[in-house]
Structure formats: structure tokens, C-alpha cells
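Structure first, commentary second.
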Amino acid sequence: IYDDRFLWTKGPMAALVVFGDFSVILTDFEWHVICRQVLDFKVNVSSIQTVKLLFKHDFLVIPVKESCEPAYISAMSVNTSKLVFNLSVTYPERPDIMKDFHICQGPTFASNEKKLFDQSSFISWVEMHRILGVSHITMYNYTIPKDWYKALWYYHSKGIIDIYQTGPINDNDFYVYRQQHMHISECMYRNMYRFKWTLAIDLDELILPRQAWNYSDLMNEIAQYYK
């Protein structure tokens with residue numbers, strides 16, 4: 001994901017934020033950024049930052065030259081000279097008007113969620129959040145139950161839900177609970193210019209205000225309290 005806020009680099013230089021489970025040694029690879037201007041520049045490995053999320057999952061921050069509009073990031077093995085991966089760069093949407101509330105929901109598994117939720121329960125979860133002020137939900141499909149498809153595609157057609165395919169995921173990794181932190185972080189970057197507030201909420205969770213009627217009123221009360 002392209003980030004031009006200059007948070008990660010010194011001086012007027014943007015960065016590419018690459019999410020993944022990086023157990024690799026950076027110096028084992030030759031890193032390249034391919035620009036939209038059909039330019040290719042090699043990245044100095046010492047300039048790449050490895051940022052820890054919770055427990056072991058990381059993301060890489062790769063500086064980008066001011067003259068480059070990045071289109072792809074690629075890595076080649078130093079030992080074999082073979083291409084390891086070539087990823088297209090995502091540019092976050094920049095609408096003229098930011099909406100208020102958005103949900104980032106981690107990878108959805110049929111093996112667990114189907115025992116707790118059928119399609120009607122999923123619809124109730126979505127509609128309750130819409131009543132509270134959420135205008136959009138981002139989901140990541142690992143194995144979403146088939147009986148949810150009709151509702152999912154309805155909400156997708158209305159612009160309420162975006163859904164992205166994910167996997168494979170390490171089911172045995174107890175500490176990071178199926179890499180949900182990585183997905184939620186990617187979701188927040190993807191939508192950082194579209195919404196003022198992002199809720200990281202699972203399918204069995206709901207933030208219900210005690211006094212306020214919706215999330216906008218709740219945030220106004222919080223702002224007044226800490227003013």
C-alpha cells in the first residue's frame with residue numbers, strides 16, 4: 001500500500017507498506033520498485049524497515065523516490081536470481097468527503113463462525129452496526145459459509161461491504177489468532193482516507209453505547225469529556 005504521509009521516512013519521501021509474515025532475511029533478496037513511469041530502481045536493503053505488529057507478524061516499510069509513482073514491488077533471490085514475488089501497489093482511495101465509521105473485520109472462517117452464525121445472524125450483525133452509524137465494512141474471506149453468499153453479494157452491490165480473498169493462514173498459530181492483526185492493519189491503511197473512525201470488530205462483537213444513541217453521539221461525548 002502506498003503511503004505518502006512521510007511518517008516512515010526522513011524528508012519528503014513516501015513509502016510502500018508491505019504486509020506479510022516476514023520470517024525471511026532481507027539481505028537474501030534483491031528488492032526493486034517498478035514505477036508507473038516505466039522506471040525500475042533497486043532498493044538499498046539498509047533503508048527497509050521491519051515493523052513488528054503484535055507477536056511475530058511484521059510489515060515492511062520501503063522508501064520510494066520522490067520522482068517515482070510505484071506500480072509494483074518485487075523481490076529476487078540473490079542466490080538463484082529467480083523472482084520470488086511481484087506485488088502490485090494499492091493506492092488508498094481519496095474521496096472528496098470522508099465518512100464517519102467503518103469496520104475492519106479480520107479473516108472469516110466457516111469452521112468456527114458457522115457454528116455461531118447463520119445468514120440471518122450475519123444480517124442482524126450488519127444492520128445493527130448500520131443503525132449505530134457504520135457505513136462500510138471490509139471483510140477478508142478465508143472460508144466464508146456458502147449460505148452467507150446471497151447476503152454478502154447484496155451488501156457488496158450496495159457498496160456496504162468490500163470483501164477480499166485471503167489465505168493460506170496458519171491455523172495453529174495461537175498467539176496471533178490466524179493473523180488477524182495483519183489483516184486489520186492492512187484494512188486500516190487501505191481505508192485511511194475514506195473514514196474518520198475505524199472499528200476493529202469481530203462477528204461476535206458489538207460496541208453498544210450505554211447512553212448515546214449512536215457512535216457519532218458517543219464520540220462527541222468522549223470528545224467533550226476529554227476537552
Side-chain angles (χ1 to χ4, degrees), residues 1-3 5 7-8 17-22 51-61 90 92-95 98-114 116-117 121-145 148 151-152 155-156 159-167 169-171 173-210 212 214-223 225-226:
I1 294 181
Y2 183 64
D3 186 357
R5 296 175 297 166
L7 296 179
W8 302 102
V17 183
V18 185
F19 293 93
D21 185 0
F22 291 103
V51 183
K52 289 284 184 182
L53 295 174
L54 291 178
F55 305 103
K56 77 173 187 179
H57 292 285
D58 312 321
F59 61 87
L60 302 182
V61 178
T90 298
E93 293 182 38
R94 293 174 178 266
M98 292 182 72
K99 295 183 179 180
D100 285 336
F101 294 94
H102 164 249
I103 287 177
C104 286
Q105 201 271 319
T108 302
F109 286 71
S111 57
N112 276 349
E113 276 76 11
K114 194 171 182 180
L116 301 175
F117 299 98
S121 298
F122 171 69
I123 292 171
S124 297
W125 180 84
V126 173
E127 292 300 328
M128 189 63 193
H129 280 102
R130 293 183 67 194
I131 290 171
L132 289 168
V134 172
S135 58
H136 188 267
I137 299 168
T138 298
M139 299 179 68
Y140 294 85
N141 175 28
Y142 182 61
T143 50
I144 286 179
W148 294 15
L152 277 171
Y155 286 124
H156 179 71
I160 297 169
I161 289 180
D162 282 341
I163 186 163
Y164 300 93
Q165 186 63 41
T166 189
I169 292 177
N170 182 0
D171 287 316
D173 196 341
F174 170 78
Y175 295 103
V176 293
Y177 196 62
R178 301 168 179 158
Q179 303 177 359
Q180 62 179 341
H181 308 106
M182 179 179 67
H183 288 83
I184 290 171
S185 296
E186 195 274 348
C187 173
M188 293 175 71
Y189 266 85
R190 182 184 292 273
N191 295 286
M192 62 183 171
Y193 298 117
R194 297 177 64 193
F195 304 97
K196 297 177 182 177
W197 304 95
T198 293
L199 291 77
I201 289 184
D202 214 339
L203 291 168
D204 59 350
E205 297 171 345
L206 173 70
I207 298 175
L208 190 62
R210 290 186 176 182
N214 51 50
Y215 290 151
S216 292
D217 291 346
L218 175 64
M219 296 310 299
N220 288 334
E221 288 183 8
I222 293 173
Y225 183 82
Y226 289 101

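Keep in mind that the numbers below use all heavy atoms, side chains included, and drop hydrogens, waters and symmetry copies.
- Note: His129 NE2 to Gln105 CD = 10.0 Å, rounded to the nearest 0.5 Å.
- Contact of the Val134 side chain with the Met128 side chain is not registered, since no non-hydrogen atoms from C-beta on lie closer than 4.5 Å.
- Between atom SG of residue Cys187 and atom OH of residue Tyr164 there is a gap of 8.0 Å, rounded to the nearest 0.5 Å.
- Residues Ile207 and Leu132 come closest through the heavy atom pair O-CD1, 3.7 Å.
- Legend: residues meeting side chain to side chain donor-acceptor pair (under 3.5 Å) with Asp162, ordered by chain and number and at least two apart, are His136.
- Side-chain contact of Ser135 with His102: a donor-acceptor pair under 3.5 Å is absent, judged by distance alone.
- Between Met139 and Leu152 there is a side-chain heavy-atom pair separated by less than 4.5 Å.
- Note: Lys196 NZ to Met98 CE = 7.5 Å, rounded to the nearest 0.5 Å.
- When the shell of 6.0 Å around CE of Met192 is examined, it contains more than 12 heavy atoms from other residues, nucleotides or ligands.
- Between Phe122 and Trp125, the angle of the ring planes stays under 30°, which puts this pair in the parallel group of the 30/60° scheme.
- Side-chain N/O atoms of Glu186 and Tyr140 include a donor and acceptor closer than 3.5 Å.
- Residues Ile131 and Asn214 fail the side-chain proximity criterion, which asks for heavy atoms closer than 4.5 Å.
- With rounding to the nearest 0.5 angstrom, the CD1 atom of Ile103 is 12.0 Å from the CD1 atom of Ile160.
- Residues Pro209 and Tyr215 form a side-chain contact, since some pair of their non-hydrogen atoms from C-beta on lies under 4.5 Å apart.
- Annotation: the span from Ile1 atom CD1 to Thr90 atom OG1 amounts to 5.5 Å, rounded to 0.5 Å.
- Proximity of a side-chain donor or acceptor of Asn191 to a complementary backbone N or O of Arg194 within less than 3.5 Å is not detected.
- For the residue pair Thr198 and Cys104, the shortest heavy atom distance occurs at CG2-SG, 3.5 Å.
- Of all heavy-atom pairs spanning Pro92 and Tyr193, the tightest one is CB-CD1, 3.8 Å.
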Run the numbers on Leu199 and Phe101 for side chain to side chain contact (heavy atoms under 4.5 Å, CB included), then give the verdict. CA-CA 7 Å; Leu199 291 77; Phe101 294 94; 3.8 Å; yes
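- A distance-only check finds no donor-acceptor pair linking the side chain of Asp202 to the backbone of Asp204 [under 3.5 Å].
- Applying the side chain to side chain donor-acceptor pair (under 3.5 Å) rule to Tyr155 yields the partners Glu127; only residues at least two apart in sequence or on another chain are considered.
- To the nearest 0.5 Å, atom OG1 of residue Thr138 and atom CD1 of residue Ile184 are 11.0 Å apart.
- Residues Glu205 and Ile201 share a closest heavy-atom pair of O-CG2, 3.4 Å.
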